[in-house]
> 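Got a structure here, written out as structure tokens. Questions coming.
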Amino acid sequence: MNGLLKLLSLVIGAVFAGGLGGTAVAQEPQHFSPKGKMPSQYTIEAQQQQRQLLPFADKRDFEEAKRGFIAAPPFRQIMNDKGDVAWNMDNWDFLLKGMEFDSIHPSLQRQALLNMEYGLFEVVPGIYQIRGFDLANISFIKGDTGWIVIDPLTVKETARAALKFINEKLGERPVVAVIISHSHGDHFGGIRGVVDDAALAAEKVQIIAPKGFLNEAIAENLYAGNVMTRRKSYTYGDLVPPSPYGHVDASIGKAVASGDVGILPPTISIDQPIQELTIDGVRMVFQNTPGTEAPAEMNTWFPDFRAFWAAENIVGSLHNILTLRGAPVRDALAWSQYINLALYQFGNQADVMFASHSWPRWGKERITEVMRGQRDMYANLNNQVLHLANKGVTINQIHNVYEPPKSLQQQWHSRGYHGSYLHNSRAVIQRYLGFWDLNPATLVPLSPEESAPLYVEMMGGASKVMAKGRDLYAEGKYRLATEILNKLVYAEPDNQEAKDLLADTYEQMGYQFESPSLRHSFLAGAKELRDGVVAVKAAKAGSPDFVRGTSTELFLNYLGIQMESGKAEGMTFKINLSTPDNGEKFVLEMSNATLTTIAGYQAEDADLTVTIDRRELEDVMIGTATLSDKVSSGKAKMEGNPQVLAQLGSTMVMFDNWFEVLPGTKKREALPKPELFQDDATRYEGP
């Protein structure tokens, strides 16, 4: 098991962070790709129509985003310890030139401009935010003796720069507490930039997080971490350079910083639905909101400041019911209900509402307006999608049928930026009903590379598909063009001409999407169809913090995912693992080419028993020591047959972070075909 969690921590960090460092865009924007296309007349007309339909006369967001500005730092780049760029606000300077870009949905360009606010802001006297240093905001509350930090960003470098900047401007104060609002990496990963081991050891700092934070922070990105990293490269725009034709925004911030991701266990867990606490003279009332934007999340009311912290439950956008990078589907109804509770319990008392993304809202009227709008947005999405589903609308139709009420469409904070109504409506059905649309033809469909050649043959071959695809592209019928060109690319993955035409259609669709997640996905697809799979800079995340935070059971469960079942045929063994320093016991059993784990037991007939303190096991998990090293030094014991460890190791594989997504973009082995789906239908012997 030597070094297996080193891979794990890299996976988690890559999911949490990506890089957009680099040089500023040239004054005269030009497409980053020699194959790139300008907006078509149909795209230009679509953007012009949006400029007429949307309430651009409402400037309140711009006033709120600028309110309380204190200072911007003299730098726009944040460097890491090696001198590389961790963060670069200059990447999006093209947005500050007062130009309207037809390659950007007008609503998205507006949101992207709002997210260009950069520097230190006063929320109310005693509460401050630094915005524009990372995807999230970092907030500071002035206690009697020090700072209470809320959500210390994604990476150490940006959090450290934020703390240094506020100390320079408002006077140096120690960090006495860190509040982590929820279990997503852009809200805790930078904790090492504001907290060190010495302060923790001396009990000079408290770390406050909602119930289940540590487990959820790791588990959500552990089991499917490798594929989530790859999916994130599409949805967060890691693959497309900052440009009017590429990355312009990430809805709730500019982008995710790159650097060192850390995690520390809470010293105080908020376990109750409503729980009060006073730290350094600051009174706090926490509202647990599990299963909303994150599995473990909490809002906070600061009564002495009359300030409500909305975490990531209320931001300047519709959020994701199912994030396209991948995660368990969220509960839109529960989300709405928790906002409603906050509205009735805190909304009428609050003078300001601030959050981990976007900008604050001031005044009871404005606060309750936004709270009600966001409450109704999630409730309508849940209830009306289910209403339509109960009328027979399926998961494959709902995104073309459901639309939010027109009153919500006219409220900027309810627009579909981070989460789109298109994919969220499908997510609601997925949560309640699953993937199947009840048509038997879609229950066990062929893989696209198997079905596509049949379609292309029946359409008359590649030349006819290409001709029709060009016609549809020329007519601005991009969705129809993708329908047939996608088939051709799967049928002929080496047909670069077909891939280029499909890329052109993806690009025009990307230009027209309001949601950056959809925009990025289509533009990333276009780039890989043109250029093939090219790895981009990922975060440095081989952090011991993740090892310490990962429970032994989570780690052992992950081994069952990392092993390749086909390599374990015929293997049968049991391994007892005991960690005396924390009193844990486990049995790992290999049976039927499957590795299972059970906690709290030891097998009497185990082939091997390993006894090692958890703190010593962590060195093995990181890869700084081997189990043999620990045995030789007397820090571990093995009794039984050590060869079963070699057997287990022989089944493990390293996942490729940059596997092929679209056909013909990277050489790969053919996917194995289970016997059930062989061409010979007589092989099937189901019920």
Side-chain angles (χ1 to χ4, degrees), residues 58-76 78 87 89 95-96 110-143 146-153 158-159 161-173 175 179 181 187 194 249 252-254 282-284 299-317 346-347 349-371 374 412-413:
D58 182 355
K59 304 289 187 183
R60 289 178 295 171
D61 285 336
F62 286 96
E63 296 164 4
E64 290 165 336
K66 293 179 182 297
R67 180 169 170 173
F69 175 72
I70 296 174
F75 54 84
R76 290 176 68 81
I78 297 172
W87 181 253
M89 278 297 282
L95 292 165
L96 303 176
R110 176 188 180 279
Q111 185 82 349
L113 187 59
L114 283 162
N115 284 329
M116 288 299 290
E117 294 298 332
Y118 178 64
L120 174 63
F121 297 79
E122 182 183 76
V123 178
V124 293
I127 299 181
Y128 306 91
Q129 279 193 324
I130 288 181
R131 303 202 292 271
F133 274 41
D134 206 324
L135 183 68
N137 305 326
I138 183 171
S139 301
F140 297 84
I141 298 179
K142 186 179 286 188
W147 293 119
I148 297 172
V149 177
I150 309 179
D151 286 3
L153 305 180
T158 52
L163 178 61
K164 181 181 179 184
F165 185 58
I166 195 171
N167 279 336
E168 288 173 355
K169 292 300 177 184
L170 300 182
E172 185 148 357
R173 301 167 66 86
V175 173
I179 298 172
S181 68
H187 303 270
V194 298
D249 201 56
I252 52 176
K254 296 313 301 177
V282 176
R283 291 194 298 149
M284 297 168 272
N299 301 325
T300 310
W301 167 242
F302 298 95
D304 295 334
F305 296 95
R306 300 181 70 83
F308 178 70
W309 165 260
E312 200 168 330
N313 287 319
I314 301 175
V315 296
S317 168
F346 308 115
Q349 303 178 63
D351 291 332
V352 66
M353 176 173 67
F354 65 121
S356 56
H357 295 280
S358 305
W359 43 90
R361 318 286 185 168
W362 286 268
K364 292 179 179 61
E365 183 178 349
R366 178 64 163 158
I367 292 167
T368 56
E369 172 198 339
V370 175
M371 280 186 163
Q374 293 250 315
W412 288 116
H413 57 75

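All values below come from the heavy atoms of this structure, side chains included, with hydrogens, waters and symmetry mates left out. Computed from a predicted model, the values in this text were never measured in an experiment.
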> About how many Å separate NZ of Lys169 and CG of Leu120, when rounded to the nearest 0.5 Å?
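So the gap between those two atoms works out to 8.5 Å.
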> Is there a donor-acceptor contact under 3.5 Å from the side chain of Asp151 to the main chain of Ser181?
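Present.
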> What's the separation between atom NE2 in His187 and atom CG in Asn137, rounded to the nearest 0.5 Å?
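With rounding to 0.5 Å, NE2 (His187) is 9.0 Å from CG (Asn137).
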> From Arg361 CZ over to Thr368 OG1, what is the distance, rounded to the nearest 0.5 angstrom?
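Arg361 atom CZ to Thr368 atom OG1 measures 12.5 Å (nearest 0.5 Å).
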> Indicate yes or no for a side-chain donor-acceptor contact from Gln129 to the backbone of Val123 under 3.5 Å, with no hydrogens or angles considered.
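Between the backbone of Val123 and the side chain of Gln129 there is no qualifying donor-acceptor contact (under 3.5 Å).
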> Using a 4.5 Å cut-off on heavy atoms from C-beta on, say whether the side chain of Ile179 contacts that of Met284.
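The answer is yes, as the side chains (C-beta and beyond) meet within the 4.5 Å cut-off.
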> To the nearest 0.5 Å, how far apart are CZ in Phe305 and CZ in Arg283?
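Result: 10.5 Å between the selected atoms.
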> To the nearest 0.5 angstrom, please state how far the CZ atom of Phe302 sits from the CD1 atom of Ile141.
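Atom-to-atom, Phe302:CZ and Ile141:CD1 are 3.5 Å apart.
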> For a 4.5 angstrom cut-off between non-hydrogen side-chain atoms, does Asp304 reach Val282?
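No; the side chains remain at least 4.5 Å from each other.
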> Quick one: salt bridge (charged side-chain N to carboxylate O under 4.0 Å, His left out) partners of Lys164, sequence neighbours excluded?
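Partners of Lys164 by the salt bridge (charged side-chain N to carboxylate O under 4.0 Å, His left out) criterion come out as none, since no residue qualifies.
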> Between the side chain of Arg306 and the main-chain N/O of Gln349, is any donor-acceptor distance below 3.5 Å?
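Between the backbone of Gln349 and the side chain of Arg306 there is a qualifying donor-acceptor contact (under 3.5 Å).
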> How far apart are the closest heavy atoms of Lys254 and Ala112, and which atoms are they?
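Distance-wise, the nearest heavy atoms are NZ-O, 3.0 Å.
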> Can you name the ring pair (Phe, Tyr, Trp, His ring centres under 6.0 Å) partners of Trp359, sequence neighbours left out?
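By the ring pair (Phe, Tyr, Trp, His ring centres under 6.0 Å) rule, Trp359 matches no residue at all.
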> Given side-chain contact (heavy atoms from CB on, under 4.5 Å), test Trp412 with Gln111 step by step and report yes or no.
CA-CA 9 Å; Trp412 288 116; Gln111 185 82 349; over 6 Å; no
> Go through the steps for Ile127 and Val352 under the test side-chain contact (heavy atoms from CB on, under 4.5 Å), then give the verdict.
CA-CA 11 Å; Ile127 299 181; Val352 66; 5.8 Å; no
> Would you name the heavy atoms of Phe133 and Thr158 that are closest together and state the gap between them?
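Looking at all heavy atoms of both residues, the shortest contact is O-CG2, 3.1 Å.
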> Under a 3.5 Å distance rule, please check whether Ser356 uses its side chain to pair with a backbone N or O of Ala311 as donor and acceptor.
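Yes, Ser356 side chain to Ala311 backbone: donor-acceptor pair under 3.5 Å.
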> Tell me whether the rings of Trp309 and Phe354 are parallel (<30°), tilted (30 to 60°) or perpendicular (>60°).
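Rings of Trp309 and Phe354: perpendicular, over 60°.
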> If every non-hydrogen atom of Met89 is compared with every non-hydrogen atom of Asn115, which pair is closest and at what distance?
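Looking at all heavy atoms of both residues, the shortest contact is CE-O, 4.3 Å.
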> Closest approach of Asp351 and Lys364, non-hydrogen atoms and distance?
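Minimum heavy-atom separation between Asp351 and Lys364: OD1-NZ, 3.2 Å.
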> So Arg110 and Asp61, side-chain contact (heavy atoms from CB on, under 4.5 Å) or not? Walk me through it.
CA-CA 10 Å; Arg110 176 188 180 279; Asp61 285 336; 3.0 Å; yes
> Could you check whether any side-chain heavy atom of Ile130 comes within less than 4.5 Å of a side-chain heavy atom of Phe140, counting everything from C-beta outward?
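In short, these two side chains touch, coming nearer than 4.5 Å.
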> Taking all non-hydrogen atoms of both residues into account, name the closest pair between Ala350 and Phe308 and its distance.
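In this case the closest contact between Ala350 and Phe308 is CB-CB, 4.3 Å.
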> Are the side chains of Leu170 and Trp147 in contact, using a 4.5 Å heavy-atom criterion?
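Yes; the side chains approach each other to less than 4.5 Å.
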> When rounded to the nearest 0.5 angstrom, what is the spacing between CD1 in Ile138 and CD1 in Ile166?
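Reported value, rounded in 0.5 Å steps: 8.5 Å.
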> Quick one: are Glu64 and Trp362 in side-chain contact, heavy atoms under 4.5 Å?
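Yes; the side chains approach each other to less than 4.5 Å.
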> With sequence neighbours left out, what residues match Glu369 under salt bridge (charged side-chain N to carboxylate O under 4.0 Å, His left out)?
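Listed in chain order: Arg60, Arg366.
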> Test your reading of the model: is there a side-chain donor-acceptor pair from His357 to the backbone of Leu135, 3.5 Å cut-off?
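Here the side-chain-to-backbone pair exists.
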> Glu117 side chain to Phe62 main-chain N or O, any donor-acceptor pair under 3.5 Å?
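Flag not set: sc Glu117 to bb Phe62 has no pair under 3.5 Å.
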> Which pair of non-hydrogen atoms, one from Pro360 and one from Arg131, has the smallest distance, and what is that distance?
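Smallest heavy-atom distance, with atoms named: CD-NH1, 3.6 Å.
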> With a 4.5 Å heavy-atom cut-off, do Asp249 and Leu95 have their side chains touching?
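Result no, sub-4.5 Å side-chain heavy-atom pair not found.
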